[in-house]
There are 2 protein chains.
Amino acid sequence: MEFDFKEFTEKFDNSRKKICRDIYNENQESIKIKNEERAVENLDRIFKAVFSISSKKGFQAMSMRDLSKESGMSMGALYGYFKNKKDLLAIIQRQGRAMIKNVLDAFSIISEDPCKRLRSAIKAHIFLSELARPWFFFTFMEARNLSKAELEEVRELEAYTENILVEILLLGEEKKIFKKKNHYLTASIIKAMQQDWYLKRGKYSLRKITPDEFAESVIEFVESFCFESSA
Amino acid sequence: MEFDFKEFTEKFDNSRKKICRDIYNENQESIKIKNEERAVENLDRIFKAVFSISSKKGFQAMSMRDLSKESGMSMGALYGYFKNKKDLLAIIQRQGRAMIKNVLDAFSIISEDPCKRLRSAIKAHIFLSELARPWFFFTFMEARNLSKAELEEVRELEAYTENILVEILLLGEEKKIFKKKNHYLTASIIKAMQQDWYLKRGKYSLRKITPDEFAESVIEFVESFCFESSA
DNA sequence: GTCTATACACAGATAGAC
DNA sequence: GTCTATCTGTGTATAGAC
């Protein structure tokens, strides 16, 4: 049941267009365009432009004129796809969260062995953040611009993914494979390492570290901390 | 030579006013106010206000009207202390970097023993980021708004602090105390954990984890990864 | 040194032609 | 569906009174 970045990518590479289609279907009230194919294609252009601009200067510093230029659509056309700038942010956020939850769920139940589950959970998060890096980066950096309700959703997803790790660690402790520890702290630290991968992606690129190598390092780090010394 | 957060704090608590004085002295060209005492006091008020607002909504979303209100000074008065908004950002950045470099240097040479140096370097960074959290948070989040030259300075400081760790790890390897590893990757991971402390401070506060506890956890994590198994 | 009032640019958003 | 032109609010920055 082991998988590497290449296998992970093949499974999830078609997800970008799919996400745009989901967004179209779930936001019919605010999207004025009726032709689905055209809408999906333009949404993809818009999101690409948003990620491109806001990874440089931030979402809130991105003007609608910037977005118009980068996406090749006029201001008027853009407003056919969302109610206002805040709404655009909310749509992106909501859909990204749904995607993450689906993927991580799928990869956290593949084995009864806590060691394998730990490996799998750590790798899936890193690989996913590699494929959907603009989204991860964006969510982290723009958290301050979210509404209170949206922020609460982000916190819940954070807690949810942290809990996946905590439960694996607990299971391992019960089976006497992992040491007894403050598992919440361990999970936090694991998440901190995963987070570094998408926040400091440039640094790792320069050093030519692949997603597989990074994931292995994190896993090795965690295992040396968690395993009973017999291992 | 061991120190805890309390001892660290006592040594550096008076640094905030000192920083304002340094800033005043080093930016005489752009600061129009001639009375030093008044200037230092007002700079302190301004920086406090900047950190308070921009930790909520970001520096670039902070308007000068916001800053005027929060600091209790008028727009006109504010512009006596810096040339423009960009200049204000640069001043804060420059001074913070100087402070960090000084403190970390002071704490990275206190022993010949690589274990002690590793402990000391990790703790000093976490404690410093606790005391100057607004500054750390601010630098990280506003990196995108810096000029190219400023960004280069930030990268250099990053590389510098990472190198402190790498050298300790190398020394430990030479002395056969630490395992042979990719020390750059290990240092990156250590920095990722330290970074989490100031980026996700709210989470750790909720869980009532103290700086001392967090530092010990990080150290334990790192040691279990680095030490030769005889330890 | 600090205030109030204001200049001028640019933001988000929409109306109406095509 | 998409464009251009334009409304209105808010941004940074400064001038000039005190």
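In what follows, every chain begins at residue 1, and chains take the letters A, B, ... in the order their sequences are listed. Side chains included, hydrogens not; waters and symmetry mates left out as well; all remaining heavy atoms used.
- Sorted by first and then second residue, the pairs that involve residues 209-219 of chain B and meet side chain to side chain donor-acceptor pair (under 3.5 Å), not counting sequence neighbours, are R119(B)-E216(B).
- Screening residues 121-141 of chain A for side chain to side chain donor-acceptor pair (under 3.5 Å), with sequence neighbours left out, gives E2(A)-K123(A), E130(A)-W197(A), E130(A)-R201(A).
- Residues satisfying the side chain to side chain contact (heavy atoms under 4.5 Å, CB included) criterion with S74(B), sequence neighbours excluded, are A77(B).
- A61(B) meets the side chain to side chain contact (heavy atoms under 4.5 Å, CB included) test with Q60(A), K57(B); sequence neighbours excluded.
- Listed by chain and number, the residues in a salt bridge (Lys or Arg N to Asp or Glu O under 4.0 Å) with E36(B) are R21(B) (sequence neighbours excluded).
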Close N or O pairs between protein and nucleotides 2-4 of chain C (under 3.5 Å):
unit_1, atom_1, unit_2, atom_2, d
dT2(C), OP1, R38(B), NH1, 2.7
dT2(C), OP1, N42(B), ND2, 3.2
dT2(C), OP2, Y81(B), OH, 3.1
dC3(C), OP2, S74(B), N, 2.8
dC3(C), OP2, S74(B), OG, 2.7

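- DNA chain C lies under 4.0 Å from no heavy atom of any residue of residues 47-65 of chain B.
- Relative to the ring axis of Y79(A), K32(A) does not place its NZ or CZ within 45° and under 6.0 Å from the centre.
- A straight line from CG of L88(A) to C1' of dG12(C) spans 13 Å, rounded to a whole angstrom.
- Going from atom CG of N84(B) over to atom C1' of dT12(D) covers 9 Å, rounded to whole Å.
- Residues satisfying the salt bridge (Lys or Arg N to Asp or Glu O under 4.0 Å) criterion with K203(B), sequence neighbours excluded, are E162(A).
- With sequence neighbours excluded, the residues that form a side chain to side chain contact (heavy atoms under 4.5 Å, CB included) with E158(A) are K191(A), K200(B).
- OP1 and OP2 of dT14(D) both lie 4.0 Å or more from every side-chain N or O belonging to Y79(B).
- Counting to the nearest Å, the P atom of dA11(C) and the NZ atom of K69(A) are 11 Å from each other.
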